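Because only heavy atoms are used, hydrogens play no part in the values below, and waters and symmetry mates are left out as well, while side chains stay in. Just so you know, these numbers come straight off a predicted model, no measurement behind them.
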2 protein chains.
Amino acid sequence: MEKMNKTKLHILDTAFQLARTVGLESLTIGSLAKKVGMSKSGLFAHFHSKEMLQIMILDYTDKTFTTEIVAPAIKLPRGIGRLMAIMDGWVKWTTDNGSCPLIAAAIEFDDRPGKVKIKVEENLKKLHMTLSRACQVAVEAGDIPSENDPDQMAQEIFGHILSYHLYQKVMRDKSALSRFETSMKNTLSVKGGQS
Amino acid sequence: MEKMNKTKLHILDTAFQLARTVGLESLTIGSLAKKVGMSKSGLFAHFHSKEMLQIMILDYTDKTFTTEIVAPAIKLPRGIGRLMAIMDGWVKWTTDNGSCPLIAAAIEFDDRPGKVKIKVEENLKKLHMTLSRACQVAVEAGDIPSENDPDQMAQEIFGHILSYHLYQKVMRDKSALSRFETSMKNTLSVKGGQS
DNA sequence: GACAACGTAGCACGATCGTTCGTTTTTATC
DNA sequence: GATAAAAACGAACGATCGTGCTACGTTGTC
(Lines give C-alpha, C1' and ligand atoms only; values in the text may rest on other atoms or scores of the structure.)
Protein backbone atom coordinates (compact mmCIF):
# COMPACT_ATOMS: atom_id res chain seq x y z
CA MET A 1 0.00 0.00 0.00
CA GLU A 2 1.20 3.41 -0.87
CA LYS A 3 1.50 6.43 1.35
CA MET A 4 -1.06 9.10 0.54
CA ASN A 5 -1.11 12.63 1.80
CA LYS A 6 -4.23 14.67 2.34
CA THR A 7 -4.11 16.61 -0.91
CA LYS A 8 -3.60 13.59 -3.09
CA LEU A 9 -6.58 11.87 -1.52
CA HIS A 10 -8.69 14.94 -2.09
CA ILE A 11 -7.64 15.05 -5.71
CA LEU A 12 -8.42 11.38 -6.19
CA ASP A 13 -11.79 11.70 -4.57
CA THR A 14 -12.70 14.59 -6.84
CA ALA A 15 -11.32 12.72 -9.83
CA PHE A 16 -13.38 9.70 -8.88
CA GLN A 17 -16.57 11.73 -8.85
CA LEU A 18 -15.65 13.39 -12.13
CA ALA A 19 -14.83 10.06 -13.75
CA ARG A 20 -18.28 8.79 -12.86
CA THR A 21 -19.83 11.21 -15.30
CA VAL A 22 -17.25 11.59 -18.07
CA GLY A 23 -15.21 8.40 -17.93
CA LEU A 24 -11.45 8.07 -17.74
CA GLU A 25 -10.43 9.37 -21.14
CA SER A 26 -12.50 12.52 -21.27
CA LEU A 27 -11.35 13.45 -17.80
CA THR A 28 -8.67 16.04 -18.48
CA ILE A 29 -6.09 17.32 -16.08
CA GLY A 30 -7.18 20.90 -16.67
CA SER A 31 -10.80 20.29 -15.81
CA LEU A 32 -9.84 18.22 -12.79
CA ALA A 33 -7.51 20.95 -11.53
CA LYS A 34 -10.26 23.53 -11.87
CA LYS A 35 -12.68 21.37 -9.93
CA VAL A 36 -10.14 20.67 -7.21
CA GLY A 37 -9.14 24.30 -7.05
CA MET A 38 -5.45 24.11 -7.76
CA SER A 39 -3.12 24.69 -10.68
CA LYS A 40 -2.71 22.20 -13.49
CA SER A 41 1.00 21.78 -12.85
CA GLY A 42 0.59 21.53 -9.10
CA LEU A 43 -1.87 18.74 -9.53
CA PHE A 44 0.14 17.07 -12.24
CA ALA A 45 3.16 16.83 -9.95
CA HIS A 46 1.36 14.28 -7.76
CA PHE A 47 1.01 11.86 -10.61
CA HIS A 48 3.67 11.94 -13.25
CA SER A 49 1.57 11.18 -16.25
CA LYS A 50 -2.06 11.04 -17.13
CA GLU A 51 -1.77 7.30 -17.46
CA MET A 52 -0.66 7.05 -13.83
CA LEU A 53 -3.53 9.30 -12.78
CA GLN A 54 -5.99 7.01 -14.54
CA ILE A 55 -4.51 3.96 -12.88
CA MET A 56 -4.73 5.57 -9.45
CA ILE A 57 -8.34 6.53 -10.08
CA LEU A 58 -9.06 2.89 -10.82
CA ASP A 59 -7.24 1.94 -7.64
CA TYR A 60 -9.27 4.46 -5.68
CA THR A 61 -12.47 3.19 -7.24
CA ASP A 62 -11.65 -0.36 -6.24
CA LYS A 63 -10.80 0.65 -2.71
CA THR A 64 -14.00 2.66 -2.35
CA PHE A 65 -16.13 -0.17 -3.68
CA THR A 66 -14.47 -2.60 -1.31
CA THR A 67 -14.86 -0.52 1.83
CA GLU A 68 -18.33 0.79 1.07
CA ILE A 69 -19.96 -2.32 -0.29
CA VAL A 70 -17.94 -5.50 0.05
CA ALA A 71 -16.60 -5.01 3.57
CA PRO A 72 -19.99 -4.43 5.21
CA ALA A 73 -21.37 -7.49 3.42
CA ILE A 74 -18.55 -9.70 4.67
CA LYS A 75 -19.61 -8.95 8.23
CA LEU A 76 -22.92 -10.71 7.65
CA PRO A 77 -23.18 -14.41 8.51
CA ARG A 78 -22.07 -16.84 5.82
CA GLY A 79 -24.84 -17.43 3.33
CA ILE A 80 -26.80 -15.87 0.52
CA GLY A 81 -27.26 -12.72 2.60
CA ARG A 82 -23.74 -11.67 1.83
CA LEU A 83 -24.29 -11.98 -1.90
CA MET A 84 -27.55 -10.08 -1.76
CA ALA A 85 -25.96 -7.35 0.33
CA ILE A 86 -23.26 -6.92 -2.27
CA MET A 87 -25.82 -6.79 -5.03
CA ASP A 88 -27.95 -4.25 -3.18
CA GLY A 89 -24.94 -2.07 -2.65
CA TRP A 90 -23.86 -2.48 -6.24
CA VAL A 91 -27.26 -1.50 -7.59
CA LYS A 92 -27.27 1.57 -5.39
CA TRP A 93 -23.70 2.34 -6.43
CA THR A 94 -24.79 2.15 -10.07
CA THR A 95 -28.02 4.07 -9.65
CA ASP A 96 -27.10 6.92 -7.37
CA ASN A 97 -24.65 9.25 -8.99
CA GLY A 98 -22.93 8.62 -12.27
CA SER A 99 -21.78 5.24 -13.42
CA CYS A 100 -18.81 3.15 -12.35
CA PRO A 101 -15.40 4.32 -13.60
CA LEU A 102 -14.27 0.71 -13.80
CA ILE A 103 -17.06 -0.27 -16.17
CA ALA A 104 -16.52 2.86 -18.23
CA ALA A 105 -12.79 2.17 -18.40
CA ALA A 106 -13.42 -1.44 -19.33
CA ILE A 107 -15.40 -0.36 -22.38
CA GLU A 108 -13.05 2.49 -23.26
CA PHE A 109 -9.90 0.42 -23.10
CA ASP A 110 -11.09 -2.98 -24.26
CA ASP A 111 -9.22 -2.55 -27.50
CA ARG A 112 -6.39 -0.32 -26.31
CA PRO A 113 -3.49 -2.29 -24.83
CA GLY A 114 -1.42 -0.63 -22.15
CA LYS A 115 -0.98 -0.26 -18.43
CA VAL A 116 -4.50 1.08 -17.95
CA LYS A 117 -6.07 -1.94 -19.61
CA ILE A 118 -3.94 -4.24 -17.46
CA LYS A 119 -5.22 -2.46 -14.36
CA VAL A 120 -8.79 -2.72 -15.60
CA GLU A 121 -8.34 -6.41 -16.28
CA GLU A 122 -6.90 -6.88 -12.79
CA ASN A 123 -9.78 -5.07 -11.08
CA LEU A 124 -12.43 -6.86 -13.10
CA LYS A 125 -10.93 -10.22 -12.21
CA LYS A 126 -10.92 -9.24 -8.57
CA LEU A 127 -14.56 -8.27 -8.83
CA HIS A 128 -15.37 -11.58 -10.48
CA MET A 129 -13.57 -13.41 -7.69
CA THR A 130 -15.58 -11.52 -5.08
CA LEU A 131 -18.82 -12.46 -6.80
CA SER A 132 -17.79 -16.03 -7.39
CA ARG A 133 -16.70 -16.48 -3.77
CA ALA A 134 -19.96 -15.05 -2.49
CA CYS A 135 -21.89 -17.49 -4.67
CA GLN A 136 -19.77 -20.36 -3.44
CA VAL A 137 -20.39 -19.40 0.18
CA ALA A 138 -24.12 -19.29 -0.52
CA VAL A 139 -23.93 -22.77 -2.01
CA GLU A 140 -21.95 -24.13 0.95
CA ALA A 141 -24.49 -22.62 3.33
CA GLY A 142 -27.19 -24.55 1.51
CA ASP A 143 -28.99 -21.40 0.42
CA ILE A 144 -28.78 -22.12 -3.28
CA PRO A 145 -28.60 -25.44 -5.15
CA SER A 146 -25.19 -27.04 -5.39
CA GLU A 147 -25.61 -27.84 -9.08
CA ASN A 148 -24.81 -24.22 -9.87
CA ASP A 149 -21.24 -23.34 -10.78
CA PRO A 150 -20.06 -20.20 -8.94
CA ASP A 151 -18.14 -18.86 -11.94
CA GLN A 152 -21.18 -19.35 -14.14
CA MET A 153 -23.38 -17.52 -11.69
CA ALA A 154 -20.83 -14.73 -11.31
CA GLN A 155 -20.68 -14.07 -15.03
CA GLU A 156 -24.47 -14.08 -15.24
CA ILE A 157 -24.84 -11.74 -12.29
CA PHE A 158 -22.28 -9.40 -13.75
CA GLY A 159 -24.39 -9.31 -16.88
CA HIS A 160 -27.52 -8.56 -14.88
CA ILE A 161 -25.86 -5.51 -13.36
CA LEU A 162 -24.55 -4.26 -16.70
CA SER A 163 -27.90 -4.73 -18.34
CA TYR A 164 -29.70 -3.06 -15.46
CA HIS A 165 -27.39 -0.10 -15.77
CA LEU A 166 -28.17 0.36 -19.45
CA TYR A 167 -31.91 -0.10 -19.07
CA GLN A 168 -32.17 2.14 -16.05
CA LYS A 169 -29.72 4.87 -16.89
CA VAL A 170 -29.79 5.16 -20.65
CA MET A 171 -33.20 3.84 -21.64
CA ARG A 172 -34.81 5.04 -18.42
CA ASP A 173 -36.90 1.88 -18.26
CA LYS A 174 -39.09 1.90 -15.15
CA SER A 175 -39.16 -1.89 -15.07
CA ALA A 176 -35.39 -2.26 -15.11
CA LEU A 177 -35.00 -2.83 -11.39
CA SER A 178 -37.76 -5.38 -10.99
CA ARG A 179 -36.48 -7.27 -14.02
CA PHE A 180 -33.04 -7.22 -12.49
CA GLU A 181 -34.41 -8.79 -9.34
CA THR A 182 -36.17 -11.45 -11.36
CA SER A 183 -32.93 -12.12 -13.21
CA MET A 184 -31.14 -12.63 -9.91
CA LYS A 185 -33.78 -15.09 -8.76
CA ASN A 186 -33.48 -16.98 -12.01
CA THR A 187 -29.72 -17.25 -11.78
CA LEU A 188 -29.74 -18.40 -8.18
CA SER A 189 -32.45 -21.04 -8.53
CA VAL A 190 -32.16 -24.53 -9.98
CA LYS A 191 -31.63 -24.79 -13.67
CA GLY A 192 -34.03 -27.11 -15.47
CA GLY A 193 -31.94 -27.70 -18.58
CA GLN A 194 -34.00 -29.38 -21.30
CA SER A 195 -30.69 -30.91 -22.29
CA MET B 1 -34.01 8.04 -45.17
CA GLU B 2 -31.34 10.45 -46.20
CA LYS B 3 -29.51 10.68 -49.45
CA MET B 4 -25.94 9.55 -49.15
CA ASN B 5 -23.23 10.01 -51.71
CA LYS B 6 -20.29 7.68 -52.17
CA THR B 7 -17.76 9.70 -50.22
CA LYS B 8 -19.96 10.17 -47.20
CA LEU B 9 -20.60 6.45 -47.02
CA HIS B 10 -16.90 5.75 -47.26
CA ILE B 11 -16.23 8.20 -44.45
CA LEU B 12 -18.90 6.66 -42.28
CA ASP B 13 -17.65 3.17 -42.91
CA THR B 14 -14.14 4.16 -41.89
CA ALA B 15 -15.49 6.06 -38.90
CA PHE B 16 -17.48 3.01 -37.90
CA GLN B 17 -14.37 0.84 -37.89
CA LEU B 18 -12.40 3.47 -36.00
CA ALA B 19 -15.16 3.88 -33.44
CA ARG B 20 -15.03 0.16 -32.74
CA THR B 21 -11.60 0.55 -31.21
CA VAL B 22 -11.61 4.04 -29.69
CA GLY B 23 -15.26 4.81 -29.04
CA LEU B 24 -17.19 7.88 -30.10
CA GLU B 25 -15.56 10.55 -27.97
CA SER B 26 -11.93 9.74 -28.61
CA LEU B 27 -12.59 9.55 -32.31
CA THR B 28 -11.29 12.87 -33.55
CA ILE B 29 -11.98 14.48 -36.88
CA GLY B 30 -8.28 14.82 -37.57
CA SER B 31 -7.51 11.16 -37.05
CA LEU B 32 -10.54 10.14 -39.06
CA ALA B 33 -9.56 12.42 -41.93
CA LYS B 34 -6.08 10.95 -41.97
CA LYS B 35 -7.45 7.42 -42.07
CA VAL B 36 -9.91 8.28 -44.81
CA GLY B 37 -7.24 10.11 -46.76
CA MET B 38 -8.78 13.52 -47.08
CA SER B 39 -8.44 16.90 -45.46
CA LYS B 40 -9.95 17.74 -42.11
CA SER B 41 -12.05 20.55 -43.50
CA GLY B 42 -13.18 18.56 -46.50
CA LEU B 43 -14.41 15.81 -44.28
CA PHE B 44 -15.95 18.18 -41.78
CA ALA B 45 -18.09 19.77 -44.49
CA HIS B 46 -20.10 16.57 -44.83
CA PHE B 47 -21.27 16.74 -41.26
CA HIS B 48 -21.57 20.16 -39.72
CA SER B 49 -20.49 19.40 -36.23
CA LYS B 50 -18.80 16.57 -34.42
CA GLU B 51 -22.07 15.87 -32.67
CA MET B 52 -23.76 15.24 -36.00
CA LEU B 53 -20.91 13.00 -37.05
CA GLN B 54 -21.33 10.95 -33.89
CA ILE B 55 -25.05 10.63 -34.47
CA MET B 56 -24.55 9.49 -38.03
CA ILE B 57 -22.00 6.93 -36.91
CA LEU B 58 -24.61 5.55 -34.55
CA ASP B 59 -27.09 5.50 -37.41
CA TYR B 60 -24.62 3.69 -39.61
CA THR B 61 -23.90 1.21 -36.84
CA ASP B 62 -27.58 0.45 -36.45
CA LYS B 63 -28.06 0.01 -40.16
CA THR B 64 -25.06 -2.29 -40.42
CA PHE B 65 -26.22 -4.41 -37.51
CA THR B 66 -29.67 -4.69 -39.01
CA THR B 67 -28.59 -5.72 -42.48
CA GLU B 68 -25.76 -8.00 -41.42
CA ILE B 69 -27.37 -9.76 -38.50
CA VAL B 70 -31.06 -9.09 -38.03
CA ALA B 71 -32.19 -9.26 -41.64
CA PRO B 72 -30.68 -12.70 -42.37
CA ALA B 73 -32.22 -14.03 -39.16
CA ILE B 74 -35.68 -12.79 -40.11
CA LYS B 75 -35.56 -14.96 -43.20
CA LEU B 76 -35.49 -18.10 -41.07
CA PRO B 77 -38.81 -19.78 -40.19
CA ARG B 78 -40.62 -18.39 -37.17
CA GLY B 79 -39.26 -19.90 -33.97
CA ILE B 80 -36.29 -19.96 -31.67
CA GLY B 81 -33.97 -20.31 -34.65
CA ARG B 82 -34.35 -16.63 -35.39
CA LEU B 83 -33.36 -15.64 -31.89
CA MET B 84 -30.37 -17.95 -31.89
CA ALA B 85 -29.27 -16.64 -35.28
CA ILE B 86 -29.35 -13.11 -33.95
CA MET B 87 -27.37 -14.13 -30.90
CA ASP B 88 -24.80 -16.00 -32.98
CA GLY B 89 -24.37 -12.97 -35.17
CA TRP B 90 -24.16 -10.66 -32.19
CA VAL B 91 -21.49 -12.75 -30.51
CA LYS B 92 -19.47 -12.79 -33.70
CA TRP B 93 -20.03 -9.04 -34.11
CA THR B 94 -18.72 -8.53 -30.59
CA THR B 95 -15.80 -10.91 -30.83
CA ASP B 96 -14.40 -10.24 -34.27
CA ASN B 97 -12.96 -6.76 -34.49
CA GLY B 98 -13.35 -4.11 -31.87
CA SER B 99 -16.44 -3.64 -29.81
CA CYS B 100 -19.80 -2.14 -30.66
CA PRO B 101 -19.92 1.65 -31.03
CA LEU B 102 -23.43 1.68 -29.65
CA ILE B 103 -22.44 -0.03 -26.43
CA ALA B 104 -19.40 2.20 -26.09
CA ALA B 105 -21.54 5.27 -26.67
CA ALA B 106 -24.11 4.07 -24.18
CA ILE B 107 -21.47 3.94 -21.47
CA GLU B 108 -19.77 7.16 -22.54
CA PHE B 109 -22.95 9.20 -22.68
CA ASP B 110 -25.04 7.69 -19.93
CA ASP B 111 -24.55 10.79 -17.82
CA ARG B 112 -24.19 13.36 -20.56
CA PRO B 113 -27.52 14.67 -21.80
CA GLY B 114 -27.74 15.83 -25.39
CA LYS B 115 -28.62 14.76 -28.90
CA VAL B 116 -26.13 11.93 -28.89
CA LYS B 117 -27.59 10.39 -25.77
CA ILE B 118 -31.06 10.64 -27.25
CA LYS B 119 -29.86 8.79 -30.32
CA VAL B 120 -28.22 6.14 -28.17
CA GLU B 121 -31.39 5.71 -26.16
CA GLU B 122 -33.37 5.36 -29.37
CA ASN B 123 -31.08 2.72 -30.81
CA LEU B 124 -30.93 0.75 -27.59
CA LYS B 125 -34.70 0.67 -27.38
CA LYS B 126 -34.88 -0.55 -30.95
CA LEU B 127 -32.41 -3.28 -30.13
CA HIS B 128 -34.46 -4.27 -27.10
CA MET B 129 -37.57 -4.43 -29.25
CA THR B 130 -35.80 -6.67 -31.73
CA LEU B 131 -34.76 -9.03 -28.96
CA SER B 132 -38.11 -8.95 -27.26
CA ARG B 133 -39.95 -9.65 -30.51
CA ALA B 134 -37.67 -12.57 -31.30
CA CYS B 135 -38.36 -14.02 -27.87
CA GLN B 136 -42.07 -13.58 -28.33
CA VAL B 137 -41.98 -15.33 -31.69
CA ALA B 138 -40.10 -18.22 -30.09
CA VAL B 139 -42.76 -18.47 -27.41
CA GLU B 140 -45.57 -18.39 -29.95
CA ALA B 141 -43.87 -21.12 -31.91
CA GLY B 142 -43.85 -23.24 -28.79
CA ASP B 143 -40.06 -23.43 -28.67
CA ILE B 144 -39.76 -21.91 -25.21
CA PRO B 145 -42.16 -21.93 -22.27
CA SER B 146 -44.93 -19.38 -22.35
CA GLU B 147 -44.40 -18.45 -18.71
CA ASN B 148 -41.45 -16.37 -19.78
CA ASP B 149 -41.96 -12.65 -20.33
CA PRO B 150 -40.29 -11.47 -23.55
CA ASP B 151 -39.11 -8.19 -22.04
CA GLN B 152 -37.64 -10.02 -19.08
CA MET B 153 -35.79 -12.39 -21.37
CA ALA B 154 -34.60 -9.54 -23.55
CA GLN B 155 -33.05 -7.67 -20.64
CA GLU B 156 -31.39 -10.84 -19.43
CA ILE B 157 -30.04 -11.70 -22.84
CA PHE B 158 -28.72 -8.20 -23.28
CA GLY B 159 -26.86 -8.69 -20.02
CA HIS B 160 -25.43 -11.98 -21.18
CA ILE B 161 -23.95 -10.29 -24.23
CA LEU B 162 -22.50 -7.41 -22.24
CA SER B 163 -20.99 -9.74 -19.69
CA TYR B 164 -19.60 -12.00 -22.38
CA HIS B 165 -17.98 -9.00 -23.99
CA LEU B 166 -16.21 -8.01 -20.77
CA TYR B 167 -15.12 -11.51 -19.87
CA GLN B 168 -13.91 -12.36 -23.33
CA LYS B 169 -12.36 -9.10 -24.43
CA VAL B 170 -11.04 -7.49 -21.27
CA MET B 171 -10.46 -10.40 -18.92
CA ARG B 172 -9.61 -12.78 -21.75
CA ASP B 173 -11.49 -15.56 -20.01
CA LYS B 174 -11.40 -18.74 -22.10
CA SER B 175 -14.66 -19.97 -20.59
CA ALA B 176 -16.57 -16.80 -21.44
CA LEU B 177 -18.26 -18.18 -24.53
CA SER B 178 -19.38 -21.48 -23.03
CA ARG B 179 -20.71 -19.65 -19.99
CA PHE B 180 -22.57 -17.34 -22.29
CA GLU B 181 -24.20 -20.31 -23.99
CA THR B 182 -25.18 -21.75 -20.63
CA SER B 183 -26.65 -18.41 -19.66
CA MET B 184 -28.74 -18.38 -22.80
CA LYS B 185 -30.04 -21.86 -22.03
CA ASN B 186 -30.91 -20.78 -18.51
CA THR B 187 -32.81 -17.75 -19.66
CA LEU B 188 -34.78 -19.62 -22.29
CA SER B 189 -35.78 -22.58 -20.14
CA VAL B 190 -38.49 -22.79 -17.52
CA LYS B 191 -37.93 -20.90 -14.32
CA GLY B 192 -38.32 -22.99 -11.20
CA GLY B 193 -38.78 -20.17 -8.76
CA GLN B 194 -38.68 -21.48 -5.17
CA SER B 195 -40.92 -18.53 -4.40
C1' DG C 1 17.80 31.01 12.40
C1' DA C 2 20.06 28.37 8.50
C1' DC C 3 18.99 24.88 5.49
C1' DA C 4 17.08 21.14 2.98
C1' DA C 5 12.87 19.11 1.22
C1' DC C 6 8.61 19.49 -0.50
C1' DG C 7 4.26 21.23 -2.37
C1' DT C 8 2.33 24.50 -5.39
C1' DA C 9 2.09 28.14 -8.89
C1' DG C 10 3.21 30.43 -13.26
C1' DC C 11 4.52 30.14 -17.67
C1' DA C 12 5.47 28.11 -21.85
C1' DC C 13 6.05 24.36 -25.10
C1' DG C 14 4.49 21.71 -29.24
C1' DA C 15 0.56 19.22 -30.53
C1' DT C 16 -4.07 18.71 -31.47
C1' DC C 17 -8.85 19.87 -30.71
C1' DG C 18 -13.43 21.46 -33.37
C1' DT C 19 -14.53 24.95 -36.45
C1' DT C 20 -14.46 28.76 -40.02
C1' DC C 21 -13.10 30.93 -44.24
C1' DG C 22 -11.62 31.79 -48.83
C1' DT C 23 -9.76 29.45 -52.64
C1' DT C 24 -9.05 25.84 -55.79
C1' DT C 25 -10.41 21.67 -57.95
C1' DT C 26 -13.77 18.60 -59.61
C1' DT C 27 -18.30 17.55 -61.46
C1' DA C 28 -22.58 18.35 -63.87
C1' DT C 29 -25.57 21.15 -67.16
C1' DC C 30 -26.46 23.37 -71.20
C1' DG D 1 -16.40 24.23 -74.29
C1' DA D 2 -18.51 27.88 -71.18
C1' DT D 3 -20.66 28.18 -66.82
C1' DA D 4 -22.74 27.17 -62.50
C1' DA D 5 -22.76 24.13 -58.52
C1' DA D 6 -20.64 21.03 -55.41
C1' DA D 7 -16.71 19.02 -53.23
C1' DA D 8 -12.31 19.21 -51.34
C1' DC D 9 -8.44 21.86 -49.92
C1' DG D 10 -4.90 24.68 -47.10
C1' DA D 11 -4.42 27.82 -43.68
C1' DA D 12 -5.64 29.68 -39.64
C1' DC D 13 -8.52 30.53 -35.56
C1' DG D 14 -8.85 30.40 -30.29
C1' DA D 15 -8.97 26.87 -27.02
C1' DT D 16 -7.26 23.11 -24.74
C1' DC D 17 -4.49 18.98 -24.46
C1' DG D 18 -0.45 16.59 -21.63
C1' DT D 19 3.89 17.79 -20.03
C1' DG D 20 8.07 20.08 -18.74
C1' DC D 21 10.84 23.95 -16.20
C1' DT D 22 11.73 27.46 -12.89
C1' DA D 23 10.70 29.95 -8.92
C1' DC D 24 8.36 30.87 -4.73
C1' DG D 25 6.32 29.59 -0.40
C1' DT D 26 5.73 26.51 3.38
C1' DT D 27 7.30 23.12 6.52
C1' DG D 28 10.26 20.41 9.51
C1' DT D 29 15.12 19.45 11.34
C1' DC D 30 19.25 20.48 13.30
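- Side-chain N or O atoms of A:K50 include one that pairs as donor or acceptor with a backbone N or O of A:L27 at under 3.5 Å.
- A salt bridge between B:D173 and B:R179 is present, with a side-chain N of the basic residue lying under 4.0 Å from a carboxylate O of the acidic one.
- The aromatic rings of B:F158 and A:Y167 sit perpendicular, their planes meeting at an angle over 60°, well past the 30° parallel limit.
- Here the side chains of B:I157 and B:M184 are in contact, with some heavy-atom distance below 4.5 Å.
- Under the 3.5 Å distance criterion, with hydrogens and angles disregarded, no donor-acceptor pair is assigned to the side chains of B:T182 and A:E156.
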Using a 4.0 Å cut-off on protein heavy atoms (strictly under), produce a 5'-to-3' string for nucleotides 14-23 of chain C with B for base contact, S for backbone-only sugar-phosphate contact, and - for none. ---SBBBB--
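- The distance between atom CE of B:M38 and atom P of D:dA7, rounded to the nearest whole Å, is 10 Å.
- Residues B:F16 and B:W93 bring their aromatic ring centres within 6.0 Å.
- Here salt bridge (Lys or Arg N to Asp or Glu O under 4.0 Å) pairs that include residues 32-49 of chain B, with residues two or more places apart or in two chains, number zero.
- Taken residue by residue, residues 112-120 of chain A places no heavy atom nearer than 4.0 Å to DNA chain C.
- Rounded to a whole Å, the CG atom of A:L43 is 12 Å from the P atom of D:dT19.
- Annotation: salt bridge (charged side-chain N to carboxylate O under 4.0 Å, His left out) contacts of A:R112 (sequence neighbours excluded): A:E25.
- Residue pairs meeting the salt bridge (Lys or Arg N to Asp or Glu O under 4.0 Å) criterion with at least one partner in residues 157-166 of chain A, sequence neighbours excluded, do not occur; the list is empty.
- End-to-end axis angle of the helix from C:dG1-D:dC30 to C:dC30-D:dG1, using five pairs per end and rounding to 10°, comes to 10°.
- The distance between atom NZ of B:K6 and atom P of D:dA8, rounded to the nearest whole Å, is 13 Å.
- At least one side-chain heavy atom of A:T95 sits under 4.5 Å from a side-chain heavy atom of A:Y164.
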